[in-house]
Colleague: 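Handing you this structure, nothing more for now.
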Amino acid sequence: MALDEQALKALGNMDLKAVFFDMDGVLFNSMPFHAKAWVEAFKSIGIDFNEYEAYMREGMTGNGTINEMFQKTYGRLATEEECKKLYQTKMHLFEECGKAGTIPDVDKVLKTVKENGLDIYIVTGSGQKSLINKLDSAFPGIFSKDKMITAYDVKKGKPDPEPYLMAQAKGKYQKNEAIVVENAPLGVVAGKAAGLFTIAVNTGILKDEELTSRGADLLYHNMEELWEELPTIIKTSKKQ
Ligand code: MG
């Protein structure tokens, strides 16, 4: 699902000014660690959960994931105490995995976006306190504190359009002035629900159709693929 006529037409109607980047699975290769931690955390209380299911729920809150699995296994929601305990186990297992590296070639994508004079936003459900420091050390000079939407800003989070609508409002962009880069089904749902052109990059283990069926406008399998078509995407969508 690379640049076809339909995508080129949609991009041609744009006046691109900003790119909204998701973080986990787009900038940092943290999803394998999250998935592993969830599988092991559920295993510790005897619930079967696999990595594919973890990737499908990327972006959901911890309690959301826990309640879905309790409902499925026991036909009831988890208690507050159960949620808290299991989420702590998951976070502990995640931290034991160490520091996630960056997604290969995403630095090239960011550089191209910046060189073309477009604004770069982070739109993430993550609530890490030192996020800007982490971003700065991995991608020097790319991100700024005033162009971030994180867990601290939103009430609902993805798949609700709220985080992308907040980024749009923050930069005072029209719908045709910003595009989204996402890796997760629920992230694509959020981007499309916000009315934005949404590029999916399948950096994980999911089948492509998990992303295309959620309405992704373009699909790539890695950042290199996106980077190769990025000059055309920008040229088509940016008014001079
Ligand atoms: Mg993601």
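First listed ligand is number 1; within each ligand, the first listed atom is number 1. No hydrogens, no waters, no symmetry mates; every other heavy atom, side chains included, goes into these values.
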Colleague: Which atom, among the N/O/S set of Asp22, is closest to the Mg ion (ligand 1)?
Modeller: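 Result: OD2.
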Colleague: State, to 0.1 Å, how close Ala41 and Leu86 come at their nearest heavy-atom pair, and which atoms those are.
Modeller: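 Taking every non-hydrogen atom into account, O-CD1, 3.3 Å.
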Colleague: Can you name the N/O/S atom of Glu58 that is nearest the Mg ion (ligand 1)?
Modeller: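 It is OE2, the N, O or S atom of Glu58 closest to the Mg ion (ligand 1).
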Colleague: Using the side chain to side chain contact (heavy atoms under 4.5 Å, CB included) rule, pick out the option among Asn176, Asn13, Leu11, Val180 that qualifies with Phe197.
Modeller: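 One option only clears the test, and that one is Leu11.
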Colleague: Do Lys134's NZ or CZ and the ring of Phe28 fall within the cation-pi criteria of under 6.0 Å and 45°?
Modeller: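 Yes, cation above the ring, under 6.0 Å and within 45°.
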Colleague: Check the side chains of Asn63 and Thr61 for a donor-acceptor pair under 3.5 angstrom, ignoring hydrogens and angles.
Modeller: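 No - no donor-acceptor pair under 3.5 Å links their side chains.
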Colleague: Could you grab the angle centred on the Mg ion (ligand 1), going from OD1 in Asn183 to O in Asp24, to 10°?
Modeller: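 Value, to the nearest 10 degrees: 90°.
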